[in-house]
Protein chains: 2
Amino acid sequence: MSHTKKYTEVALHALKEKGYRITKPRRLVVEMLNTSDIALSAYEIRDRLEAEGEKVDKVSIYRILECLEENHLIHRVLMTGKVRKCQLEDEDHCHLNQADHCHHLLICEQCGFIEEVHCPGMNRIVQQVAEDAQFTVKSHHLEFLGLCQKCNSPHHKKTAAN
Amino acid sequence: MSHTKKYTEVALHALKEKGYRITKPRRLVVEMLNTSDIALSAYEIRDRLEAEGEKVDKVSIYRILECLEENHLIHRVLMTGKVRKCQLEDEDHCHLNQADHCHHLLICEQCGFIEEVHCPGMNRIVQQVAEDAQFTVKSHHLEFLGLCQKCNSPHHKKTAAN
DNA sequence: TTTGTACTGCAATATTATTGCAATAGTAAA
DNA sequence: TTTACTATTGCAATAATATTGCAGTACAAA
Ligand SMILES: [Mn+2]
Ligand SMILES: [Mn+2]
Ligand SMILES: [Zn+2]
Ligand SMILES: [Zn+2]
């Protein structure tokens with residue numbers, strides 16, 4: 001849940017250790033995320049800072065978020081976003097007549113090829129997680145990023161996706 | 001991988017069964033997705049159709065995708081999109097000094113609260129999936145959507161997220 | 001303090017998504 | 001077939017999100 005106040009310092013210090021500078025905009029963004037109970041978009045961060053009388057340009061916020069993400073200090077929340085890349089459901093394990101609509105995708109970061117897979121162990125994980133966290137799970141989404149068989153083979157040259 | 005040509009008809013027929021009309025724009029979008037090896041954005045679909053001499057307005061494409069998604073005929077690919085909602089890494093299982101940066105999130109669709117969880121069984125699933133599909137997994141991202149303990153309780157009134 | 005440069009802010013532009021409303025075209029019934 | 005109903009589309013306007021180049025600023029080390 002809520003982070004300790006010191007966590008801002010821990011995060012900023014982690015950046016400094018890696019050679020980054022501790023700047024006022026970076027401090028403000030980390031503090032803002034540290035304070036918030038919910039995930040925030042770049043513009044939400046900017047607006048909230050502005051409401052506190054602090055002005056940080058949106059471009060800077062984008063660059064700061066990128067930096068924080070690269071250094072594993074923040075993560076993105078995907079399911080609640082709105083940009084969409086769509087694909088037909090897999091014909092084989094077609095969802096048409098199923099009650100559960102699970103989406104487990106293997107995504108090749110090289111050629112963009114996407115394969116839908118079954119994850120037999122997921123049901124158990126869902127139940128476990130729900131029980132541990134007292135959380136009612138309505139749906140889930142799992143994606144793997146990596147290299148498909150083709151792109152993995154050493155003799156395969158780069159593809160211009162599709 | 002590639003879908004059969006008839007799959008377009010199967011999908012459109014499934015819509016009709018539910019009372020939707022089979023229109024030319026809907027047919028074109030489904031055919032386009034059916035043809036493509038990779039996931040496409042709304043604008044990519046429009047541009048590709050236009051290159052084939054077919055004109056479908058972007059707004060229509062958005063509405064068609066929404067319809068297809070609601071009826072489980074397509075799914076979204078999330079990891080390759082760019083809209084971002086960000087959150088600080090959890091302080092407890094902090095990623096700072098870890099080699100693996102897993103992101104397993106419980107997201108409350110009511111209040112927006114997000115909890116990061118460990119999924120002990122995931123490693124096995126990753127290995128299994130990678131082996132079955134001959135896929136090199138570099139990272140993965142798992143999200144659960146549902147209700148947190150608070151929002152789940154009957155006496156809890158709706159929250160205006162944060 | 002001084003100095004090098006990492007970083008920020010601004011301006012311009014690109015990409016992605018939504019809303020209201022009038023016109024169109026699928027569908028079922030006549 | 002034709003008619004009539006209305007689901008669906010297209011257009012126009014606007015909102016929301018993201019990226020690029022460059023000049024100026026401020027952080028951090030000497
Ligand atoms: Mn699916
Ligand atoms: Mn995480
Ligand atoms: Zn590939
Ligand atoms: Zn909640």
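All of these numbers come straight from a predicted model, not from anything done at the bench. Labels below follow one simple rule: chain letters A, B, ... track the order of the sequence lines, proteins then strands, and each chain is numbered from 1.
Between B:Y62 and B:Y43, the two ring planes are perpendicular [angle over 60°; tilted spans 30° to 60°]. Relative orientation of the A:H103 and A:H141 rings is tilted, given thresholds of 30° and 60° on the angle between their planes.
To the nearest angstrom, P of C:dC7 lies 13 Å from CG of A:L12. Spacing between atom CD of A:E54 and atom C1' of C:dT8 amounts to 15 Å, rounded to whole angstrom units. As a whole-Å value, the separation of B:L68 CG from D:dT8 P is 12 Å. Note: CG (A:L28) to C1' (C:dT8) measures 13 Å, nearest angstrom. Rounded to whole Å, the distance from CG on A:D57 to P on D:dT17 is 16 Å. The distance between atom CG of A:N71 and atom C1' of C:dC7, rounded to the nearest whole Å, is 15 Å. Rounded to an integer number of Å, the gap from B:H13 NE2 to C:dT27 P is 12 Å. The distance between atom CD1 of A:I22 and atom P of C:dC7, rounded to the nearest whole Å, is 11 Å.
OP1 or OP2 of D:dT8 lies within a sub-4.0 Å distance of a side-chain N or O belonging to B:R26. Contact annotation: B:T23 side-chain N/O to C:dA25 OP1/OP2 distance is not under 4.0 Å.
What you find for A:D37 and B:Q87 is that their closest heavy atoms are O-NE2, 4.0 Å. Of all heavy-atom pairs spanning A:M79 and B:E143, the tightest one is N-OE1, 2.7 Å. Heavy-atom minimum distance, A:R46 versus A:V56: CG-O, 3.3 Å.
In the hydrophobic cluster analysis, where Ile, Leu, Val, Met, Phe, Trp and Tyr join through side-chain heavy atoms closer than 4.5 angstrom, B:L65 is grouped together with B:Y20.
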Heavy atoms under 4.0 Å is the rule here; annotate nucleotides 14-19 of chain C 5' to 3' with B where the base is hit, S where only the sugar-phosphate is, and - elsewhere.
-> -SBBBB

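For A:R21 against C:dA6, a side-chain-to-base donor-acceptor contact under 3.5 Å is present.
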B:T35 vs B:R48, side-chain contact (heavy atoms from CB on, under 4.5 Å): CA-CA, chis, key distance, verdict | CA-CA 11 Å; B:T35 303; B:R48 290 184 176 209; over 6 Å; no

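Within the 4.0 angstrom heavy-atom criterion, only backbone atoms of the sugar-phosphate kind lie near A:I64; the bases stay farther away.
One side chain, B:H104 or B:H140, offers a donor N or O that lies under 3.5 Å from an acceptor on the other.
Within the helix from C:dT1-D:dA30 to C:dA30-D:dT1, the inter-axis angle between the opening and closing five-pair segments is 40°, rounded to 10°.
Considering CG of B:L28 and CG of B:N34, their distance stands at 12.5 Å, rounded to 0.5 Å.
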